[in-house]
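In what follows, every heavy atom counts, from backbone to side chain, and hydrogens, waters and symmetry copies are set aside.
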Amino acid sequence: WMARRAREQRILEEKIAEQAQELARINQDLEFSNTQLKQFSAVAAHDLQSPLRQIAAFARLLLERPAVRVDRVAADYITTMDASLRRMQKMVASLLHYARLSARTYDFADVDMMQVIDEARQNLSGLIEESGAQIKIEPLPRAFGDSVLLAQVWQNLIANALQHCAEAPPQLVICARPVPGFIEYALSDNGVGIDREKGDALFEMFRRGETAAPGGSGIGLSLCLRIIEIHCGKIWFDAGYSPGTRICFTVPLPIASNRPVHAAH
């Protein structure tokens, strides 16, 4: 009996060792595939920029020719082509920025989220002033993360809310509350809202809503998703919020902080 148990134990250990080796091989292959995919995305996006710049330059040269200026139809065609090229350039630049996220070194530290949002608002000052938006920011607790990346999240979320606003001046509210191990931040607006059926596809790359501004790249919310994933958090569309839209995301609590965390009222 003891000999049989020892033999079964040895067979079991050999199977576990084989499975561990197979799992290690799969992880290695997956890591290699991810690295290759990141390199391909970065190289493809970078190499696409040069021909797009060249095409845009020739389109502008054509618009300056006297024959094209006289031919209004030809001028309209070239103007439309130039606008499409500019949008394509913006999409490629956004894709390159997205691909480089995983390759950069992150500077995680105790983050003053109020200061991060102020930076995002300064970058969007022209759009905020043009839309006449009112942004109410409730007291926000500090978090742990990369302040540069988190500023990009807020900038994209605020810009997205302003671009999908209703006819009335946009009214945005930013608040937060503590959850176990994280701080949950939320941005709500009085815009046109989003169908619940389309909420799952909201963070897909190049997914643009019907009311999206024509100058957008369609990658802003995908970028937010990737940044929040880097912070080991979650981001989602609050399907129960109405009217308007509410986007929530979580970021870890400060690690070495003795300050108490209070929920915003």
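- Between the T250 side chain and the K234 main chain, a donor and an acceptor come within less than 3.5 Å of each other.
- The side-chain heavy atoms of K136 and S188, taken from C-beta on, include no pair separated by under 4.5 Å.
- With rounding to the nearest 0.5 Å, the separation of CE in M81 from CG in L62 is 6.5 Å.
- Within 6.0 Å of the CZ atom in R65, the count of heavy atoms belonging to other residues, nucleotides or ligands does not exceed 12.
- Remark: N160 CG to D189 CG distance equals 8.5 Å, nearest 0.5 Å.
- To the nearest 0.5 Å, atoms CG (N156) and CG (L223) are separated by 5.5 Å.
- A 4.5 Å side-chain heavy-atom check between W236 and I247 finds every atom pair outside the cut-off.
- Here the closest non-hydrogen pair linking A120 and A151 is CB-O, 3.8 Å.
- Remark: I78 CD1 to L63 CG distance equals 5.0 Å, nearest 0.5 Å.
- A donor-acceptor pair under 3.5 Å is absent between the side-chain atoms of Y185 and the main chain of M113, judged by distance alone.
- When every heavy atom of C175 is checked against every heavy atom of L140, the shortest pair comes out as C-CD2, 3.7 Å.
- Counting heavy atoms from C-beta on, the side chains of L253 and F144 never come closer than 4.5 Å.
- Counting non-hydrogen atoms of neighbouring residues, nucleotides and ligands closer than 6.0 angstrom, the OH atom of Y77 reaches no more than 12 such neighbours.
- Side-chain contact between E138 and V173 is present, with at least one heavy-atom pair separated by less than 4.5 Å.
- Counted within 6.0 Å of CD on E129, heavy atoms from surrounding residues, nucleotides or ligands total 12 or fewer; the atom is thus considered open.
- Pairing each heavy atom of I183 with each of R142, the nearest pair is CG1-O, 3.7 Å.
- Looking at D82, its side chain never comes within 3.5 Å of a backbone N or O of A59 through a donor-acceptor pair.
- With Q9 as the partner, the side chain to side chain donor-acceptor pair (under 3.5 Å) test is satisfied by one option alone out of R7, R5, E13: E13.
- V111 and I230 end up in the same hydrophobic cluster when Ile, Leu, Val, Met, Phe, Trp and Tyr side chains are linked at under 4.5 Å.
- A distance of 11.5 Å separates SG of C224 from CD of E229, quoted to the nearest 0.5 Å.
- Under the 4.5 Å side-chain heavy-atom criterion for grouping Ile, Leu, Val, Met, Phe, Trp and Tyr, L61 is not connected to L85 through any hydrophobic cluster.
- Interatomic distance, L187 CG to D238 CG, rounded to the nearest 0.5 Å: 12.0 Å.
- The closest side-chain heavy-atom distance from V179 to R177 is below 4.5 Å.
- For the residue pair N123 / Q155, a side-chain donor-acceptor distance below 3.5 Å is found, with atom types taken as modelled.
- Salt bridge D76/R72: absent, no basic N to carboxylate O contact under 4.0 Å.
- Counting only heavy atoms from C-beta outward, the side chains of F108 and H231 approach each other to under 4.5 Å.
- Classification of R25 and E22 as a salt-bridged pair holds, one side-chain N sitting under 4.0 Å from a carboxylate O.
- Inter-residue side-chain proximity for F182 and V251 is flagged as unmet; no heavy-atom pair is nearer than 4.5 Å.
- Contact annotation: the side chain of W154 approaches that of V116 to within less than 4.5 Å [non-hydrogen atoms, C-beta and beyond].
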